[in-house]
Amino acid sequence: MTMKRIYALEDWCIDCKRCEVACKVFHSKSKDPVKAFLFEQPRPRNRVRVEGNRTLSIAINCRHCPAPKCVEGCISGAMTRNPETGVVTSNPEKCVGCRTCVSLCPFGAVTIEEGPRHPIAFKCDLCGEVPGVPGSPSCVAACPNRALIYVESEGN
C-alpha cells in the first residue's frame with residue numbers, strides 16, 4: 001500500500017525544533033503558541049522530537065509502518081493501524097503505559113509521557129483531526145530548511 005509518510009533529512013536539519021513547537025501547537029486546545037505553552041494544563045505534547053545538536057541533528061517521527069511492531073505488541077489495543085489509510089495511532093484512553101510499544105519501535109518514535117492516571121504512549125498521528133485519517137503535518141510545514149518531507153512511499 002502506498003501512503004504519504006514523513007521522512008527526515010538529517011543533512012538539512014539545523015536543530016531549531018520548530019517542528020516540535022508546531023506539533024505541540026497543533027495538538028493544543030487553543031491552537032495558539034503563547035496560550036499552549038504558558039497556560040494550558042495539561043501541556044500539549046509533541047509527537048516529533050529533534051535529537052542531536054546544530055552539527056548533526058534529525059527529527060524522530062513515526063513511519064506508520066506497513067506491519068507495525070508497536071501495534072503487534074500492544075497488550076491493551078491502544079495502538080492501532082487504520083487498514084484503509086495506513087495511519088498508526090495511539091489511543092490514550094486505552095493505553096496502560098506498559099512501554100511495550102516503545103521497546104518495539106525500530107525508529108524510537110513512540111514516547112511515554114505522564115498521564116492523569118499512569119504513563120501514556122504518544123506518537124505522530126500525521127496531524128489528523130480524526131484518528132487514523134492523515135492531515136497536513138504541521139512539523140513539515142514549520143521546517144524552515146525543508147528537512148522534513150511528506151511524500152508517497154511504499155514501505156518504511
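Starting from 1, each residue takes its place in the sequence as its number.
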Legend entry - Hydrophobic cluster of Val133, others only, ordered by chain and residue number, side-chain cut-off 4.5 Å: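 When side chains under 4.5 Å apart are linked, the cluster holding Val133 also contains Val130.
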Legend entry - Leu104: hydrophobic cluster co-members (side-chain, 4.5 Å):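 ILVMFWY cluster around Leu104 holds nothing else.
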Under 4.5 Å between any side-chain heavy atoms of [X] and [Y], yes or no?
X      : Y      : value
Val71  : Val88  : yes
Cys65  : Phe107 : yes
Val48  : Ile60  : no
Asn145 : Cys13  : no
Thr2   : Ser153 : no
Glu51  : Glu10  : no
Met3   : Val87  : yes
Ser90  : Cys101 : no

Legend entry - Pair Val25-Asp32, side-chain contact (heavy atoms from CB on, under 4.5 Å): steps then yes or no: CA-CA 6 Å; Val25 172; Asp32 177 277; over 6 Å; no
Legend entry - Pairs satisfying salt bridge (charged side-chain N to carboxylate O under 4.0 Å, His left out), at least one member in residues 17-31, at least two apart: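 Counting only pairs at least two positions apart or across chains, the salt bridge (charged side-chain N to carboxylate O under 4.0 Å, His left out) contacts touching residues 17-31 are Asp15-Lys17.
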Legend entry - Residue list, side-chain hydrogen bond (donor to acceptor under 3.5 Å, both in side chains) with Asp125, at least two apart or on another chain: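 Applying side-chain hydrogen bond (donor to acceptor under 3.5 Å, both in side chains) to Asp125 gives His27.
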Inset, instruction - Quick one: list whatever passes side-chain hydrogen bond (donor to acceptor under 3.5 Å, both in side chains) with Ser57, sequence neighbours left out. - result: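 By the side-chain hydrogen bond (donor to acceptor under 3.5 Å, both in side chains) rule, Ser57 matches no residue at all.
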Closest non-hydrogen atom pair between [X] and [Y], with its separation:
X      : Y      : value
Thr55  : Asn53  : N-OD1, 2.8 Å
Ser28  : Pro44  : CB-CG, 3.7 Å
Ser138 : Phe26  : OG-CB, 3.7 Å
Thr89  : Gly132 : CG2-N, 3.4 Å

Inset, instruction - Decide whether a cation-pi geometry holds between Arg47 and Phe122; the criteria are a distance under 6.0 Å from NZ or CZ to the six-membered ring centre and an angle within 45° of the ring axis. - result: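 No; the conditions do not both hold, so Arg47 does not lie above the ring face of Phe122.
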Inset, instruction - Give the C-alpha distance, both sets of side-chain angles, the deciding distance and a yes or no for side-chain contact (heavy atoms from CB on, under 4.5 Å) between Leu9 and Ile149. - result: CA-CA 8 Å; Leu9 306 172; Ile149 56 172; 4.1 Å; yes
Pairwise distance [atom1]([X]) to [atom2]([Y]) - rounded to 0.5 angstrom:
X      : Y      : atom1 : atom2 : value
Ile112 : Ile120 : CD1   : CD1   : 9.0 Å
Phe37  : Arg43  : CZ    : CZ    : 8.0 Å
Arg63  : Arg5   : CZ    : CZ    : 10.0 Å
Ile58  : Asp11  : CD1   : CG    : 9.0 Å
Arg49  : Cys19  : CZ    : SG    : 11.0 Å
Asn61  : Tyr7   : CG    : OH    : 9.5 Å

Legend entry - Ala78: partners by side-chain contact (heavy atoms from CB on, under 4.5 Å), with sequence neighbours left out: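 Result, side-chain contact (heavy atoms from CB on, under 4.5 Å) vs Ala78: Cys74, Ser76, Lys94, Cys95.
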Inset, instruction - Let me see the working for Arg45 and Thr111 under side-chain contact (heavy atoms from CB on, under 4.5 Å), right down to the final yes or no. - result: CA-CA 10 Å; Arg45 295 171 173 96; Thr111 59; over 6 Å; no
Inset, instruction - Would you tell me whether Tyr150 and Ser136 have side-chain atoms, one donor and one acceptor, within less than 3.5 Å of each other? - result: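 No - no donor-acceptor pair under 3.5 Å links their side chains.
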Legend entry - Single-linkage hydrophobic cluster Val21~Leu38, side-chain heavy atoms < 4.5 angstrom: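 Hydrophobic grouping puts Val21 apart from Leu38.
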Legend entry - Stepwise side-chain contact (heavy atoms from CB on, under 4.5 Å) test for Lys69 and Met79: CA-CA 10 Å; Lys69 297 291 183 189; Met79 288 283 183; over 6 Å; no
